[in-house]
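These values consider heavy atoms only, across backbone and side chains, with no hydrogens, waters or symmetry-generated copies. For clarity, every value in this text was computed on a predicted model and none was experimentally measured.
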Amino acid sequence: MLWVKALHIVFVASWFAGLFYLPRIFVNLAMVAPGSAAERDRLLLMARKLFRFTTLLVVPALGLGLWLWLGYGIGTGSDWMYAKLVIVTLALGYHAACGVLLNRFARQANAHGHVWFRWFNEVPVLLLLVAVVLVVVKPF
């Protein structure tokens, strides 16, 4: 079980690293000057590759988490686990929202400024903080 737990932590941390950095690329994309096609294309390429890689990382993170929960019974029947599942669902929604925003940048249909993306970038920090507190402290 400890190997499964260790790998789960590694994949979750890696997934969140992508969720931390992808919106930073969005900040830079939102600040690209009109006519700077090379800079825009380079940032879009970086964002696409990071999104694909981050999407691949979420699969083992979720699979290993389910294994810990359903296979080993960690958190079964606990309120903290149900709260954590809400946080995981929100993180998956955030991940999907990043994909939508990336597609908007690719279509040159972005409707948000760099300040909005700076605030958007804080969401995964809060999600990770709450998830870690729920798992470690188990407040309820």
I'd like a table of donor-acceptor pairs (distance under 3.5 Å, sequence neighbours excluded) in which one partner is a side-chain atom from residues 38-46, with atom names and distances.
residue, atom, partner, partner atom, Å
R40, NH2, F105, O, 2.6
R40, NH2, A106, O, 3.4

Name the atoms and distances for all side-chain donor-acceptor pairs under 3.5 Å in residues 48-72, with sequence neighbours left out.
residue, atom, partner, partner atom, Å
T54, OG1, L50, O, 2.7
T55, OG1, F51, O, 2.7
T55, OG1, H95, NE2, 2.8

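The two residues I74 and M1 make their nearest non-hydrogen contact at CD1-SD, 3.5 Å. Closest heavy-atom contact between A131 and I87: CB-CG2, 3.9 Å. Closest non-hydrogen pair, I25 versus A47, comes out as CG2-CB, 3.8 Å. Taking all atoms of both residues into account, the shortest heavy-atom contact from G75 to W80 is CA-CZ2, 3.6 Å. For the residue pair C98 and P23, the shortest heavy atom distance occurs at SG-CG, 4.4 Å.
Taking hydrophobic clusters as Ile, Leu, Val, Met, Phe, Trp and Tyr residues chained together by side-chain heavy-atom distances below 4.5 Å, W15 shares a cluster with V132. Linking Ile, Leu, Val, Met, Phe, Trp and Tyr whenever their side-chain heavy atoms come within less than 4.5 Å leaves V135 and L126 in two separate clusters. Connection of I9 to V4 is not established within any shared hydrophobic cluster, with ILVMFWY side chains joined at heavy-atom distances below 4.5 Å, either directly or through further cluster members. Under the 4.5 Å side-chain heavy-atom criterion for Ile, Leu, Val, Met, Phe, Trp and Tyr, M81 and V136 are members of the same hydrophobic cluster. Neither F16 nor V10 shares a network with the other; the hydrophobic side chains, linked directly or stepwise wherever heavy atoms of I, L, V, M, F, W or Y lie under 4.5 Å apart, form separate groups for each.
Pairs engaging residues 109-123 under the side-chain hydrogen bond (donor to acceptor under 3.5 Å, both in side chains) rule: H114-R118 [sequence neighbours left out]. Applying the side-chain hydrogen bond (donor to acceptor under 3.5 Å, both in side chains) test to pairs two or more places apart or on separate chains, none has a residue in residues 4-14. For residues 125-134, the set of pairs meeting the side-chain hydrogen bond (donor to acceptor under 3.5 Å, both in side chains) definition, not counting sequence neighbours, is empty.
Judged by distance alone, the side chain of Y94 and the main-chain N or O of L127 form no donor-acceptor pair under 3.5 Å.
Distance check, rounded to the nearest 0.5 Å: CZ of R107 to CG of L102 gives 10.5 Å. Going from atom OH of Y82 over to atom CG of L85 covers 8.0 Å, rounded to the nearest 0.5 Å. In this structure, CG in L101 is found 5.0 Å from CZ in F120, a value given to the nearest 0.5 Å.
The shortest side-chain heavy-atom distance between S78 and F140 does not fall under the 4.5 Å cut-off. Residues L129 and V125 are not in side-chain contact: their nearest non-hydrogen atoms beyond the backbone lie 4.5 Å or more apart.
Checked against side-chain contact (heavy atoms from CB on, under 4.5 Å), P34 has no partners two or more places apart in sequence or in another chain.
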